[in-house]
Each structure stands twice: as C-alpha cells, then as structure tokens.
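All remarks here apply to the structure that follows.
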Amino acid sequence: LAFFAIVAQYGTVAFASYGIGVTLVAFSIVIGFGFGIATATLAGQQLGAGDKEAAMKAVSRSLRMALAAMVFLSIVLALAAEPLARFMIDDEEVVQLTVIFIYLLALAQPMMAVEFALGGALRGAGDTRFPLVATFCGIILGRLIPALIFLAIGLSIVWIYAVMLIDYAIKAVMLLHRYRSRKWLEVKIDTH
C-alpha cells in the first residue's frame with residue numbers, strides 16, 4: 001500500500017500503467033508461486049525422510065526449472081509488451097509507461113524465480129523466519145526507502161518502477177546465501 005501511495009503521487013497515468021503491468025505479469029507470478037509450493041513440498045518430504053542431500057538436489061532442480069520457466073516467460077512478456085499493453089488500454093501515454101514497466105519486470109523475473117523457489121524450500125524445511133526477514137528487507141530497504149528518496153528528489157516514475165529490481169535483488173541474494181549456507185537443513189521443528 002505504501003508503494004501504491006508513492007506511485008499515485010505521479011498521477012493517474014503512472015498508477016494505471018503500474019496496475020496494468022502487474023495484471024499482465026500476474027501469469028508468470030502465479031507460475032512462480034507454483035514452483036514455491038512444489039519446492040516446499042519436495043524439501044519437506046526429503047528432510048522428513050532424513051535425506052539432506054536429496055533435499056539439496058530437489059531444491060536445486062526445482063530452482064533450475066523455476067529459472068527456466070520464468071526466464072522464458074519474461075522473454076515472451078518483453079517481446080509482447082506493447083501489444084499486451086495496447087490490448088488493455090488505448091491511452092498512448094499509459095501504453096508507453098506500461099511497456100517500460102513490463103520490461104523492468106521481465107528483468108526481475110529471474111530474481112523472482114529465486115525468491116519463489118528458495119523461499120519455498122526454506123519454508124518447507126521449517127525455516128520460516130528467514131524468508132520473512134528477506135521479504136521485509138527487500139520491501140523496506142530495496143523498494144520503499146529508495147522510492148521515497150527518488151520521489152523526494154523528483155526523479156521520474158520510471159525510477160520508482162525500477163526500485164523493484166533492487167527489492168527482488170536483495171531478496172534473491174539473501175535467500176541464495178541462506179540456501180548455500182545449508183543452515184536451513186538443520187532447522188529443528190517442535191512437534192509438540
């Protein structure tokens with residue numbers, strides 16, 4: 001809501017292009033959520049069976065598949081950005097901003113794949129706090145603070161849209177670091 005409020009400061013054209021862009025990208029985001037759920041299930045099953053190496057392999061495979069799917073979708077979105085935007089609205093200014101927004105989200109798709117797959121793996125292993133911390137760090141440090149700074153110094157809406165890349169980069173780096181540390185494999189779950 002805070003980010004929506006910042007975008008709204010730029011007027012209805014910026015707000016409309018943001019809303020249309022999010023709507024158009026929702027398909028690939030749903031696929032990312034699917035990979036997150038699948039990875040959580042696979043990690044939980046393997047760890048429940050006591051096989052940490054199989055859990056690592058399952059998560060690694062799921063991450064590669066999520067990356068492949070979301071990179072493919074980001075290419076499709078980028079190539080079809082203008083026709084998709086024109087399908088949604090006929091206002092030229094909104095179309096142009098929507099296209100830019102879609103390009104930026106296409107760049108974010110690989111980082112989103114990392115977030116969905118590895119966040120799911122950690123949650124499936126019982127390491128639920130770390131994905132929450134990564135999400136807060138991304139949203140606060142990578143999205144809201146830079147957006148407020150960019151708004152205050154008068155940068156264009158494109159810069160506000162671009163802060164999403166910082167948000168997703170922070171989350172992806174944090175989750176990748178946690179995954180590689182293997183600490184998530186050692187989380188003890190209280191069954192009482």
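No hydrogens, no waters, no symmetry mates; every other heavy atom, side chains included, goes into these values.
Scanning both residues, A125 and L47, for their nearest heavy atoms gives CB-CD1, 3.3 Å. Taking each heavy atom of A55 and A43 in turn, the nearest pair found is CB-O, 4.3 Å. The two atoms that bring T128 and P131 nearest to each other are O-CD, 3.4 Å, heavy atoms only. Here the closest heavy-atom approach between residue P146 and residue V163 is recorded as CB-CG1, 3.7 Å. Counting all heavy atoms, side chain and backbone alike, A14 lies closest to V7 at O-CG1, 3.8 Å. What you find for V95 and I89 is that their closest heavy atoms are CG2-O, 3.5 Å.
With contacts defined as side-chain heavy-atom distances shorter than 4.5 Å, the pair Y179/V114 does not qualify. Looking only at side-chain heavy atoms (C-beta outward), I157 and L97 come within less than 4.5 Å of each other. At a threshold of 4.5 Å between non-hydrogen side-chain atoms, the residues L144 and I6 count as touching. Between L107 and S74 there is no side-chain heavy-atom pair separated by less than 4.5 Å. Under the 4.5 Å side-chain criterion, counting only non-hydrogen atoms from C-beta, Y168 is in contact with R143. Side-chain contact check for Q109 versus V25: some heavy-atom pair is nearer than 4.5 Å. The side-chain heavy atoms of I145 and I149, taken from C-beta on, include a pair separated by under 4.5 Å.
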* Asked: Should F130 and L175 be marked as a side-chain contact (heavy atoms from CB on, under 4.5 Å) after you check the CA-CA gap, both sets of side-chain angles, and the distance that decides it?
  -> CA-CA 8 Å; F130 195 86; L175 291 166; 4.0 Å; yes
* Would E186 and K52 count as a side-chain contact (heavy atoms from CB on, under 4.5 Å) if you check the C-alpha gap in whole Å, the side-chain angles of each, and the deciding distance to 0.1 Å? -> CA-CA 9 Å; E186 307 301 329; K52 294 177 183 177; 2.9 Å; yes
* To do: In sequence, state the C-alpha distance, the side-chain angles, and the governing distance for L79 and I75, and then conclude on side-chain contact (heavy atoms from CB on, under 4.5 Å).
  => CA-CA 6 Å; L79 292 175; I75 292 168; 3.9 Å; yes
* **Intermediate values then yes/no, side-chain contact (heavy atoms from CB on, under 4.5 Å), V158 and F150** => CA-CA 10 Å; V158 174; F150 292 172; over 6 Å; no
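The residues R86 and E82 are annotated as salt-bridged, a charged nitrogen and a carboxylate oxygen being separated by less than 4.0 angstrom. Between D167 and K171 there is a salt bridge, since a side-chain N of the basic residue sits under 4.0 Å from a carboxylate O of the acidic one. The residues R178 and D127 are annotated as salt-bridged, a charged nitrogen and a carboxylate oxygen being separated by less than 4.0 angstrom.
The CD atom of Q9 sits 10.0 Å away from atom CG of L148, with the distance rounded to the nearest 0.5 Å. Atom CG in L122 sits 12.0 Å away from atom CG in L132 (nearest 0.5 Å). Taking CE of M70 as the start and CG of L77 as the end, the distance is 9.5 Å to the nearest 0.5 Å. Expressed to the nearest 0.5 Å, how far CD1 of I139 lies from CE of M164 amounts to 12.5 Å. S156 contributes atom OG, which lies 11.5 Å from atom CG of L151 (distance to the nearest 0.5 angstrom). Note: Q46 CD to T41 OG1 = 11.5 Å, rounded to the nearest 0.5 Å.
Linking ILVMFWY side-chain heavy atoms closer than 4.5 Å, directly or via other members, places M174 and L63 in a single hydrophobic cluster. Side-chain heavy atoms closer than 4.5 Å link hydrophobic residues (I, L, V, M, F, W, Y) into clusters, and following such links, possibly through other members, connects L165 to W159. Cluster annotation: V173 and V71 are assigned to distinct hydrophobic clusters (Ile/Leu/Val/Met/Phe/Trp/Tyr, side-chain heavy-atom contacts under 4.5 Å, transitive). No continuous path of ILVMFWY side-chain contacts below 4.5 Å connects L67 to L73, so the two sit in separate hydrophobic clusters. A continuous path of hydrophobic side-chain contacts links I160 to I166 [ILVMFWY only; heavy atoms under 4.5 Å].
With a 6.0 Å radius and a threshold of 12 heavy atoms from other residues, nucleotides or ligands, Q96 has its CD atom above the threshold. Other residues, nucleotides and ligands place more than 12 heavy atoms under 6.0 Å from the CE atom of M88.
No donor-acceptor distance shorter than 3.5 angstrom exists from the side chain of S60 to the backbone of M56, with no hydrogens or angles considered.
Sorted by first and then second residue, the ring-ring contact (aromatic ring centres under 6.0 Å, His included) pairs with a member in residues 59-116 read Y18-F101, F33-F116, F101-Y161; sequence neighbours excluded.
A donor-acceptor contact closer than 3.5 angstrom links the side chains of S62 and T39.
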